[in-house]
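First up is the structure itself, then whatever we jot down about it.
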Amino acid sequence: MDLTGITSITKTEKIKDELRAEIASTFENYKEQFLRETVMSDDFLDFFNKNKEPFDMLMCYYKCAIMEVETKFRVLDAEFSLQYDRNPIESIKSRIKSQTSLIKKVRDRKIPMTLESIEENINDIAGIRVICAFPKDIYMLADCLLKQDDIRLIKKKDYIENPKENGYRSLHLIVEVPVFLQNEKRNMKVEVQLRSIAMDFWASLEHKLRYKKNLSEETTAEISHELKECAEQSASLDRRMQQIRDRISDVD
């Protein structure tokens with residue numbers, strides 16, 4: 001059996017993979033250089049040095065806003081526990097966007113380098129993720145939050161009813177909540193993401209796999225297809241678990 005042709009194809013594919021890896025590595029080097037020359041340029045560093053105290057204070061306001069919204073969800077969870085003997089919330093995670101991520105977003109969106117512009121144009125500096133056991137709890141908690149008279153809805157994106165192309169599912173809300181300070185009240189924006197356990201599990205793994213380097217285009221396409229199938233299976237599991245929960249509730 002003549003294996004010369006097969007060996008030649010294998011070598012060609014190996015060379016292609018090595019070339020792709022080299023191109024990817026070169027791109028990352030240029031990207032790093034670009035970030036150092038722009039994101040970490042003297043202009044950006046000068047801005048943050050001059051505005052360090054006001055910037056730190058603004059981040060403090062966002063942290064306070066997170067505490068306000070998180071408390072609202074914990075109160076709702078406690079109320080449901082008392083009234084219905086169940087907790088709709090499995091866990092709550094929160095974060096403040098890092099300074100590096102914030103600078104990159106300012107650069108990418110060409111936002112003026114002022115604190116006022118950053119606060120006005122970037123909605124996800126403060127973020128809360130609420131993980132629920134069942135899909136219906138997601139919408140129930142969102143409705144309960146938005147009915148509160150000190151919460152103002154700015155934007156809503158339903159990626160559960162309308163998933164992203166890659167299969168991502170979640171309910172996103174941008175809300176404004178008042179923070180009461182010593183001498184003033186400030187309305188601060190918070191991004192709220194509500195997901196089921198299955199949605200959060202899928203999104204967490206997809207995020208880790210998405211940043212794997214040196215994958216061929218063919219492998220990347222195959223993995224993307226498999227991840228989308230996994231997202232569909234995850235959504236099907238959510239629906240089945242919700243149906244079981246509804247049947248148990250009907251008996252109760």
Inset, instruction - Would you kindly say whether Arg195 and Gln193 are connected by a side-chain donor-acceptor distance under 3.5 Å? - result: yes

Mind checking what makes side chain to side chain donor-acceptor pair (under 3.5 Å) contact with [X], not counting sequence neighbours?
X	result
Ser101	Ser98
Glu119	Arg186
Lys189	Asn123

Can you run down the salt bridge (charged side-chain N to carboxylate O under 4.0 Å, His left out) pairs that involve [range], sequence neighbours left out, and say none if there aren't any?
range	answer
residues 135-145	Arg86-Asp137, Lys136-Asp246
residues 55-68	Lys52-Asp56
residues 229-243	Arg169-Glu232

Taking [Y]'s backbone N and O only, do any of them form a donor-acceptor pair with [X]'s side chain (distance below 3.5 Å, no angle check)?
X	Y	value
Asn166	Tyr168	yes
Lys93	Ile128	no
Ser117	Met113	no
Asn187	Glu176	no

Legend entry - ILVMFWY cluster membership beyond Phe201 - transitive side-chain contacts under 4.5 angstrom: Leu205

Legend entry - Residues that, via side-chain heavy atoms closer than 4.5 angstrom, fall in one hydrophobic cluster with Ile174: Ile154

Legend entry - Enclosure of Lys164 NZ (heavy-atom neighbours >12, cutoff 6.0 Å):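 Correct, the count exceeds 12.
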
Legend entry - Residues forming a ring pair (Phe, Tyr, Trp, His ring centres under 6.0 Å) with Tyr139, sequence neighbours excluded: none

Inset, instruction - List in chain and number order the residues that pass ring pair (Phe, Tyr, Trp, His ring centres under 6.0 Å) with Phe80, two or more places apart in sequence or in another chain; answer none if no residue qualifies. - result: Tyr84

Inset, instruction - For Met241, check side chain to side chain contact (heavy atoms under 4.5 Å, CB included) against everything at least two apart and list the hits. - result: Phe134, Leu237, Ile244

Inset, instruction - Could you tell me which residues satisfy side chain to side chain contact (heavy atoms under 4.5 Å, CB included) with Ser204, sequence neighbours excluded, listed by chain and number? - result: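 Checked Ser204 against side chain to side chain contact (heavy atoms under 4.5 Å, CB included); matches are Lys208.
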
Report the distance from atom [atom1] of [X] to atom [atom2] of [Y], rounding to the nearest 0.5 Å.
X	Y	atom1	atom2	value
Thr71	Ile66	OG1	CD1	11.5 Å
Leu141	Ile89	CG	CD1	5.0 Å
Ile125	Ile118	CD1	CD1	6.5 Å
Leu171	Ile138	CG	CD1	7.0 Å
Thr220	His225	OG1	NE2	14.5 Å
Met59	Gln99	CE	CD	9.0 Å

I need the minimum non-hydrogen distance between [X] and [Y], along with the two atoms involved.
X	Y	value
Ala231	Trp202	N-NE1, 3.5 Å
Asn121	Arg109	O-NH2, 3.0 Å
Ser94	Glu70	OG-OE1, 4.0 Å

Legend entry - hydrophobic_cluster_shared for Leu181 and Phe55, side chain cutoff 4.5 Å: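 Yes, Phe55 connects to Leu181 through the hydrophobic network.
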
Inset, instruction - Look at the side-chain heavy atoms of Ile, Leu, Val, Met, Phe, Trp and Tyr, link any pair under 4.5 Å apart, and say whether Ile131 and Ile160 land in one connected group. - result: no

